[in-house]
Amino acid sequence: MEEWISDHFDNWALVWFCLLFWGSIFGAVLLYLFEASLFVSFSGYALGFFLGLLAKNKGWSWIS
């Protein structure tokens, strides 16, 4: 079980980072530009998640 968790974090760490970090930033910008709603908050995190998937598929790293 520990090995699976370790492998998961090794392979998906950038996606989790983008989801949490960039999703928070995108969410704050969207909340500033638009009224606060569940959809606006969710869409910021969705943008962060898709950015993380893009980074994973393109092979981007933390420091290029």
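With hydrophobic clusters built from ILVMFWY side chains whose heavy atoms lie under 4.5 angstrom apart, V40 does not share a cluster with L19. In the hydrophobic clustering of ILVMFWY residues, with side-chain heavy atoms under 4.5 Å counting as a link, W16 and L51 come out apart. Taking hydrophobic clusters as Ile, Leu, Val, Met, Phe, Trp and Tyr residues chained together by side-chain heavy-atom distances below 4.5 Å, F21 does not share a cluster with V15. Cluster membership for L33 and L31, using ILVMFWY side-chain heavy atoms within less than 4.5 angstrom, is shared. Put simply, L20 and L54 are part of two different groups of oily side chains (I, L, V, M, F, W, Y) that touch within less than 4.5 Å, one to the next.
Pairing each heavy atom of C18 with each of G48, the nearest pair is CB-O, 3.3 Å. Heavy-atom minimum distance, S43 versus L30: OG-CD1, 3.5 Å. Across all their heavy atoms, S24 and Y45 have their closest contact at OG-OH, 3.3 Å.
In this structure, S41 contributes its side chain and L38 its backbone to no donor-acceptor pair below 3.5 Å.
Counting heavy atoms from C-beta outward, F49 and L53 have side chains that approach closer than 4.5 Å.
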